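The structure appears below as structure tokens.
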Amino acid sequence: MPVTAAIPVSPAASAASPDSTVPYWTVHIDGSALPNPGRMALGAILVSPAGACHTVSQDTHRTGCNNEAEVLALLAALEVLRTQQAQHAHVYSDSSILVEQLTLAKPKPVVRLTPLYDQARAAVRQFAGVTLHWVPRHRNQQADALARAALQLPGAVPAPKTAVHRKP
């Protein structure tokens, strides 16, 4: 899948063009499970159209696989967007499985995770416009670092659970 491909996952998203005046948030998400399967954590970076940066670094206190952690990261990011009253977002993930499950008309089912993917689809539908983009791992390092920090891995930089940073 091309890095620049934007795949609409909610109806209004297909109407928005890159030069649109619609205020889109930029969101990077990542989930970790160490070992895989193992302890799960998630990370997200959300940047508002005005430049305010919100970060999420959360240990789920559950065990599961990396694909499950990726969906949980998306759900956590969507919850932050909801609290910020956001309506539009471009979401970037390095999980091709997550992108396929939420964007293909008939994805190959992941039976164990079907209820979680259904929950994510329902959460996305609560927004006016959401697009999901696949990016390679090296372009998602900050979200990955937040997920790893939540697991308190050696060498990981501690991150706050939620922080807000504003551009000057």
Side-chain angles (χ1 to χ4, degrees), residues 1-18 22 24-47 54-84 86-151:
M1 178 177 296
V3 173
T4 58
I7 302 164
V9 291
S10 62
S14 60
S17 65
V22 175
Y24 272 78
W25 284 63
T26 300
V27 179
H28 284 262
I29 61 167
D30 200 18
S32 292
L34 296 172
N36 188 22
R39 288 179 45 216
M40 293 187 301
L42 51 95
I45 300 168
L46 303 94
V47 180
H54 303 256
T55 60
V56 178
S57 179
Q58 181 180 357
D59 185 334
T60 66
H61 303 289
R62 295 169 41 185
T63 58
C65 70
N66 63 326
N67 295 320
E68 183 177 359
E70 295 282 353
V71 182
L72 294 174
L74 173 63
L75 291 170
L78 293 175
E79 181 59 32
V80 172
L81 289 173
R82 232 183 330 272
T83 65
Q84 296 298 312
Q87 288 297 310
H88 301 87
H90 294 299
V91 179
Y92 298 88
S93 173
D94 59 24
S95 171
S96 60
I97 293 174
L98 174 70
V99 172
E100 289 170 3
Q101 288 296 312
L102 296 180
T103 60
L104 294 179
K106 293 187 180 196
K108 181 178 178 181
V110 181
V111 177
R112 187 179 75 76
L113 298 179
T114 296
L116 198 53
Y117 286 123
D118 289 343
Q119 183 181 351
R121 285 183 197 94
V124 164
R125 284 192 297 268
Q126 294 178 7
F127 294 88
V130 173
T131 59
L132 191 57
H133 307 257
W134 176 84
V135 294
R137 284 193 177 129
H138 73 273
R139 297 203 41 218
N140 207 34
Q141 290 177 345
Q142 290 178 319
D144 178 63
L146 289 168
R148 291 176 174 276
L151 291 173

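Note that the structure is predicted; figures quoted are calculated from it, not measured.
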Step-by-step side chain to side chain donor-acceptor pair (under 3.5 Å) determination, His90 to Thr131: CA-CA 5 Å; His90 294 299; Thr131 59; 2.5 Å; yes
Where at least one partner belongs to residues 28-38, residue pairs that pass salt bridge (charged side-chain N to carboxylate O under 4.0 Å, His left out), sequence neighbours excluded: none
Listed partners of Ala86 passing side chain to side chain contact (heavy atoms under 4.5 Å, CB included), at least two apart: Trp25, Leu81
Nearest heavy-atom neighbours spanning Gly31 and Ala73: N-CB, 4.2 Å
Residues forming a side chain to side chain contact (heavy atoms under 4.5 Å, CB included) with Glu68, sequence neighbours excluded: Met40, Arg62, Cys65, Leu72, Arg112, Leu113, Leu116
Asp59 versus His61, closest heavy-atom pair with distance: OD1-N, 2.7 Å
Validation row: Trp134, Leu98 side chains within 4.5 angstrom (heavy atoms): no
Heavy-atom check, side chain of Leu74 versus side chain of Leu102, under 4.5 Å: yes
Spacing of Thr114 atom OG1 and Arg121 atom CZ [to the nearest 0.5 Å]: 7.5 Å
Non-neighbouring partners of Gln142 that pass side chain to side chain contact (heavy atoms under 4.5 Å, CB included), sequence neighbours left out: Ile45
Heavy-atom side-chain contact between Leu151 and Ser32 under 4.5 Å: yes
Non-hydrogen side-chain atoms of Glu70 and Ile97 separated by less than 4.5 Å: no
Gap separating the CG atom of Leu46 from the NE2 atom of His28, nearest 0.5 angstrom: 10.0 Å
Test salt bridge (Lys or Arg N to Asp or Glu O under 4.0 Å) applied to Asp144 - qualifying residues, sequence neighbours left out: Arg148
Side chains of Val56 and Leu146 in contact at under 4.5 Å (non-hydrogen atoms): no
Over all atoms of both residues, closest heavy-atom pair of Phe127 and Gln87: CB-O, 3.6 Å
Side chain to side chain, Asn67 and Val110, heavy atoms closer than 4.5 Å: no
Ring geometry between His88 and Tyr24 (parallel below 30°, tilted from 30 to 60°, perpendicular above 60°): tilted
Atom pair CZ/OG1 of Arg39 and Thr60 - distance to nearest 0.5 Å: 8.5 Å
Gap between atom CD of Gln58 and atom CG of Leu42 - 0.5 Å precision: 5.0 Å
Donor-acceptor pair, side chain of Asn140 and main chain of Ile29, under 3.5 angstrom: yes
Side chain to side chain contact (heavy atoms under 4.5 Å, CB included) partners of His138, counting only residues at least two apart: Pro136, Gln141
Heavy-atom pair with the smallest gap, counting every atom of Gly43 and Ala147: N-CB, 3.6 Å
